[in-house]
There are 2 protein chains.
Amino acid sequence: MTDGSDDTTEDRELLSDRIRNALADEIATGKLKAGAALDEQHLADRFGASRTPVREALRQLAANGLVEVRARRGVVVSRMTPERIMDMFETVAEIEAMCVRLATYRITPLERSHLIELHDASEAIVKNGDFDAYDNFNRAFHEAIYHATHNSFLAEQAIAIRNRLMAFRRAQLQQEQRLDRSWAEHEAIMQAIAEGDGEMASRRMRAHMLNAATALRRFIEANKLA
Amino acid sequence: MTDGSDDTTEDRELLSDRIRNALADEIATGKLKAGAALDEQHLADRFGASRTPVREALRQLAANGLVEVRARRGVVVSRMTPERIMDMFETVAEIEAMCVRLATYRITPLERSHLIELHDASEAIVKNGDFDAYDNFNRAFHEAIYHATHNSFLAEQAIAIRNRLMAFRRAQLQQEQRLDRSWAEHEAIMQAIAEGDGEMASRRMRAHMLNAATALRRFIEANKLA
DNA sequence: GGCTGCTTTTGTGTATGCAAAAGCATCCCC
DNA sequence: GGGGATGCTTTTGCATACACAAAAGCAGCC
């Protein structure tokens, strides 16, 4: 949702939003490295725009924590140490665990059907080894859980924090067995939800997220990223 | 303490930041009501500035969720229904509970001393019935717990969400017995931390926050606010 | 009388210009 | 020779100007 990637109304998209998304993506993919200075005029030239929308984009990124503004001294990409990334992962893991606990107690039959449907459909994706499709499913699965908390503010926060972390998800599921194990962990979570055991669902979700984090950490250390 | 909020350099503060803070405060205190349109030129005149810094301030507020921008249709103050406020309170309560659980397992002796010191000092404040002082202590108390999680990202998120909710704190402790009860609840939380029982600390913290929320809800309903 | 199409008007989105601060390099003085 | 002052450059912060989209007002038409 609210992705903006496949917009048919491209001419309506604001230049500042385009720049913001582009910069966020470049920071996410590592094209713009941590600590790099972001010169307004330079960026304006690169995007064929003036400094005004660039500045607005940078301010929004700053509010999201992706860059830091030092008054009158320019903007730099926020430093992402391995420790900080692990902190972010732990935070997301805890929030996901919190969400699934609340969701277990509050999910409606209709929402439960939807979740089961999603989960069942994902089995075929795993068999095909389709990483991109699984990534999409995975997002839908977790967002369905956020939604089932029946706390829209919490759901928004969870999505926002998850999106910030998604900067580093590109490497997360690149290992085949991780995809299998991810599905198995989802299965275990689904079972706990079905049994109405929110605490167990919570523990399993936390473990699930930390497993993903560990896989990523190994990848980062192996490739000397960040 | 990578706080960075030592604002002794006021003259260097950017106009856009001043405007952002002023607007955030006005939204917080209800001066600017939910759904109100924010005209850029009008605001620029009010602050004796041009539209440029006003726009930047509005974009930052939008990134923080306090206002909503509708492309080419202006900016409005985000609607805060009672349900949404309760959702926010629940989210803060859950995050605080999460933090105190982690903090219980990770707090250092030095941090524990600091927390005990804070808590002990607050007893006098309660006896004096000094609401403002207690509010300050309360923030320090909770931030000390965030810090003790040894997860700086989580701490930042907790503070950010708490600040957003603080919009409505003005009414929170206006009832005298709530101040007493708040201290007693802190006492119970401290005990659980001392015993190293993170789960109990977590449950007590959640109850503590939800008690505050209930007190606020009663206030809102009684005064027909929001 | 209500709806539709045009016109006006208001306000956003972007560009450009200017002033001041930060970074720097050179130079002077001790 | 080193440290600090001084001017130059670069870049930010803010203001102003302009273009254009959307809402509002108005008139004519069905």
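These numbers were taken from a predicted model, which means no experiment stands behind them. Every chain is numbered from 1, with letters handed out A, B, ... down the list of sequences.
With no hydrogens or angles considered, no side-chain donor-acceptor pair links A:Gln60 and A:Asn64 at under 3.5 Å.
At the phosphate of C:dT12, neither OP1 nor OP2 sits under 4.0 Å from any side-chain N or O atom of B:Arg73.
Salt bridge A:Arg106/B:Glu90: present, at least one basic N to carboxylate O contact under 4.0 Å. Classification of B:Glu96 and B:Arg162 as a salt-bridged pair holds, one side-chain N sitting under 4.0 Å from a carboxylate O. Using a 4.0 Å cut-off between charged nitrogen and carboxylate oxygen, A:Arg79 and A:Glu68 do not count as a salt-bridge pair. The pair B:Asp87-B:Arg84 fails the salt-bridge criterion, with no side-chain N (NZ, NE, NH1 or NH2) lying under 4.0 Å from an Asp/Glu carboxylate O.
What separates CZ of B:Phe47 from P of D:dG13 is a distance of 19 Å, to the nearest Å. Across the protein-nucleic acid pair, B:Arg72 atom CZ and D:dA23 atom P stand 12 Å apart, rounded to whole Å. Atom-to-atom, CZ of A:Arg20 to P of C:dT14 comes out at 12 Å; the value is rounded to the nearest Å. Per the geometry, CD belonging to B:Glu56 stands 12 Å off P belonging to D:dT12, to the nearest Å. Separating the CG atom of B:Asp17 from the C1' atom of D:dC14 is a distance of 13 Å, rounded to the nearest angstrom. Atom CZ in A:Arg55 sits roughly 16 Å away from atom C1' in C:dG13 (whole-Å rounding). In this structure, the CG atom of B:Leu15 is 14 Å from the C1' atom of D:dT12, given to the nearest Å. Rounded to whole Å, the distance from CG on A:Leu14 to P on D:dA21 is 12 Å.
You'll find a donor-acceptor pair under 3.5 Å spanning the side chain of A:Thr52 and the base of C:dT16, going by distance alone. In terms of polar N and O atoms assigned as donor or acceptor, the side chain of B:Arg51 comes within less than 3.5 Å of the base of C:dG13 in a complementary pairing.
Across all strands shown, B:Arg59 has heavy atoms under 4.0 Å from sugar-phosphate atoms exclusively, and none from any base. Among the protein residues, A:Ile19 comes within range of no part of the nucleic acid, since none of its heavy atoms lies under 4.0 Å from any strand.
The stretch residues 39-46 of chain A touches DNA chain D through A:Asp39, A:Glu40, each having a heavy atom under 4.0 angstrom from the strand.
Each of B:Arg20, B:Arg46, B:Lys33, B:Lys31 was checked for a salt bridge (Lys or Arg N to Asp or Glu O under 4.0 Å) with B:Glu26, and the lone residue meeting it is B:Arg46.
Rounding to the nearest 0.5 Å gives a distance of 7.5 Å between CD of A:Glu94 and OG of A:Ser202.
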